[in-house]
Amino acid sequence: MCNNHENMTKTLVLSVPSAKAPFEKTTIERRELRPHDILIDIKFSGICHSDIHSAFGEWGGGIFPMVPGHEIAGVVEAVGTEVTKYVVGDRVGVGCFVDSCGECEYCLSGEEQYCTKGVINTYNGLDYDGNPTYGGYSQKIVVTEGFVVRIPNVLDMDVASPLLCAGITTFSPLKHWNAGPGKKVAIVGMGGLGHVAIQFAHAMGAQVTVLSRSNNKEEEALEFGADHYFATSDPATFTQLAGRFDLILNTVSANLDVDAYLSLLRIDGTLVNVGAPAEPDKYQVFSLIMGRRSIAGSLVGGIRETQEMLDFAAEHGIAPMIEVIRADQVDEAYERVLKSDVRYRFVIDVSTL
């Protein structure tokens with residue numbers, strides 16, 4: 001813990017005292033600026049489904065009181081003595097992580113999310129000194145400059161915030177599994193992740209098909225850049241699309257009939273999971289063997305790739321569809337997310353805290 005309380009920053013936050021408890025407005029102290037630290041005045045914080053899993057204690061090991069939020073967009077308010085990348089007034093973002101060892105092979109290759117020492121989560125984590133981390137449902141945050149990215153001027157701050165998680169979570173696997181011209185890519189789910197994934201896959205040049213439970217989002221999917229749209233509630237969909245896709249990106253946080261989706265892959269195709277259901281999935285190994293298919297997962301992306309994603313989004317006009325809410329609407333927003341009653345990402349206007 002910091003001993004010099006005079007230089008610490010008090011900030012208002014929204015926190016949950018225990019699992020599934022309502023949010024409360026409270027005050028915390030952010031650490032004093034170290035040489036490489038940046039103090040960010042947070043303007044907007046997106047609501048991610050993982051915030052809800054964490055605040056509800058569904059993933060185990062929740063650290064309470066908890067201040068969720070890892071889709072942070074703000075402005076630099078102060079910098080440490082050795083900061084070189086940013087100056088006061090810069091538009092910046094913070095995603096899912098705020099520190100890593102910086103020395104292992106993955107950190108050195110720009111894949112900090114796989115740090116062998118253990119990456120430090122933006123919230124619901126413990127830093128290397130053992131202090132709990134508190135996230136973006138907050139007026140201010142202190143982050144080391146290596147985990148801060150620059151928000152391009154053409155991106156509005158409220159729209160940019162969901163890109164810090166939903167954006168990089170979909171951009172990274174699409175890039176890693178070579179979505180592009182000549183590739184047929186299916187996006188499972190048309191929610192907070194899925195509607196951004198469609199835009200990225202389309203901009204990368206892939207042929208994009210959306211697989212959603214019903215037809216009620218078809219028009220919007222096509223506007224986001226999808227070439228085709230199929231309802232998974234129709235059994236004929238799985239017959240019609242058998243063996244079609246090079247890559248399927250599963251963005252939903254519910255358990256699927258994995259075998260049915262594997263049947264949609266071409267030989268050597270891959271089903272990549274970025275949504276994380278609370279219960280284990282099941283599948284038959286023959287669904288893999290018979291087509292040399294793969295099941296994979298992907299965890300957001302490193303800091304360099306997150307910056308690349310933001311620049312790509314700015315260049316190609318990619319923008320999440322958002323609903324901006326006040327700080328006193330977060331409990332209601334969580335309930336609406338669970339009912340899939342959002343088009344497509346809630347963003348908290350932190351000035352209302």
Side-chain angles (χ1 to χ4, degrees), residues 1-15 26-46 63 65-104 106-108 110-113 115 117-152 157 160-161 163-165 168 300-307 310 350-351 353:
M1 288 291 290
C2 303
N3 294 318
N4 187 350
H5 285 267
E6 291 180 11
N7 293 325
M8 295 176 79
T9 300
K10 283 189 174 180
T11 182
L12 280 174
V13 299
L14 285 178
S15 69
T26 56
T27 302
I28 63 168
E29 288 187 327
R30 299 294 191 182
R31 69 173 183 256
E32 63 178 307
L33 288 188
R34 299 167 182 166
H36 291 283
D37 277 348
I38 293 175
L39 173 63
I40 299 169
D41 181 21
I42 298 175
K43 302 300 184 185
F44 295 96
S45 185
I63 302 170
M66 183 186 298
V67 180
H70 57 206
E71 297 180 339
I72 300 167
V75 175
V76 176
E77 183 175 315
V79 297
T81 55
E82 294 178 28
V83 169
T84 58
K85 292 182 185 175
Y86 302 99
V87 297
V88 172
D90 281 351
R91 306 163 85 247
V92 293
V94 178
C96 300
F97 311 116
V98 290
D99 205 1
S100 71
C101 78
E103 299 172 350
C104 71
Y106 302 109
C107 287
L108 293 174
E111 301 270 22
E112 297 93 347
Q113 72 273 33
C115 173
K117 184 176 179 180
V119 73
I120 305 301
N121 291 324
T122 303
Y123 74 89
N124 195 32
L126 295 173
D127 66 20
Y128 292 134
D129 295 327
N131 302 310
T133 57
Y134 299 114
Y137 297 9
S138 169
Q139 290 181 329
K140 300 180 191 302
I141 193 169
V142 174
V143 182
T144 184
E145 70 173 323
F147 284 77
V148 175
V149 289
R150 190 177 303 279
I151 296 176
M157 298 279 270
S161 70
L163 293 174
L164 276 309
C165 175
I168 187 60
V300 291
I303 302 304
R304 283 199 307 245
E305 192 172 48
T306 302
Q307 186 66 63
L310 286 170
V350 173
S351 71
L353 185 59

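Keep in mind the model is a prediction, meaning the values are calculated, not measured. We're numbering straight along the sequence, starting at 1.
Within the 4.5 Å cutoff, the side chain of V67 has no heavy atoms near those of the Y123 side chain. Side-chain atoms of R31 and N131, non-hydrogen and from C-beta on, never get closer than 4.5 Å to each other. Side-chain contact between I303 and F147 is present, with heavy atoms from C-beta onward closer than 4.5 Å. In this structure the side chain of E145 never reaches within 4.5 angstrom of the side chain of V79, judged on heavy atoms. The closest side-chain heavy-atom distance from I168 to E305 is below 4.5 Å. In this structure, Q139 and V350 have side chains that are in contact, with non-hydrogen atoms separated by less than 4.5 Å. D127 is not listed as a side-chain neighbour of V98, based on a closest heavy-atom distance of 4.5 Å or more. Side-chain contact check for C107 versus K117: every heavy-atom pair is 4.5 Å or farther apart.
Of all non-hydrogen atoms in S161 and G46, the two that sit nearest each other are OG-N, 3.7 Å. For D90 against R150, the heavy-atom pair with the smallest separation is OD2-NH1, 3.1 Å. Nearest heavy atoms, M66 versus P68: O-CD, 3.5 Å. For the residue pair L108 and E103, the shortest heavy atom distance occurs at CD1-O, 3.3 Å. Closest of all the heavy-atom pairs between C104 and C115 is SG-CA, 3.8 Å. Heavy-atom minimum distance, I72 versus S45: CG1-OG, 4.5 Å.
In this structure, CG in L126 is found 7.5 Å from CD1 in I120, a value given to the nearest 0.5 Å. Within the model, atoms OG1 of T81 and CG of L33 stand 9.0 Å from one another, a figure rounded to the nearest 0.5 Å. Separating the CD atom in E71 from the CG atom in L163 is a distance of 8.5 Å, to the nearest 0.5 Å. Rounding to the nearest 0.5 Å gives a distance of 11.5 Å between OG1 of T9 and CD1 of I141. Distance check, rounded to the nearest 0.5 Å: CE of M157 to NZ of K43 gives 7.0 Å. Here CD1 of I151 is found 9.0 Å from CD of Q307. Values are rounded to the nearest 0.5 Å.
Judged by distance alone, with hydrogens and angles left aside, the side-chain atoms of R30 form no donor-acceptor pair with the main-chain N or O of T11 at under 3.5 Å. With hydrogens and angles ignored, the 3.5 Å screen pairs a side-chain donor or acceptor of T122 with a backbone N or O of F97. Side chain of Y128 to backbone of C101: a donor-acceptor contact under 3.5 angstrom is found.
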- request: List the steps and the verdict of salt bridge (Lys or Arg N to Asp or Glu O under 4.0 Å) for D129 and R34.
  value: CA-CA 14 Å; D129 295 327; R34 299 167 182 166; 3.3 Å; yes

task: Under the side chain to side chain contact (heavy atoms under 4.5 Å, CB included) rule, what do V92 and Y86 come out as? Steps first, then yes or no, please.
output: CA-CA 9 Å; V92 293; Y86 302 99; 3.7 Å; yes

message: I'd like to know whether T26 forms a side chain to side chain contact (heavy atoms under 4.5 Å, CB included) with V13, so could you lay out the CA-CA distance, the side-chain angles of the two residues, the decisive distance to 0.1 Å, and finally the verdict.
response: CA-CA 5 Å; T26 56; V13 299; 3.2 Å; yes

T306 and L164: CA distance, side-chain angles, deciding distance, side chain to side chain contact (heavy atoms under 4.5 Å, CB included) verdict: CA-CA 7 Å; T306 302; L164 276 309; 4.0 Å; yes

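Q113 and E111 share a donor-acceptor pair across their side chains, judged by distance under 3.5 Å alone.
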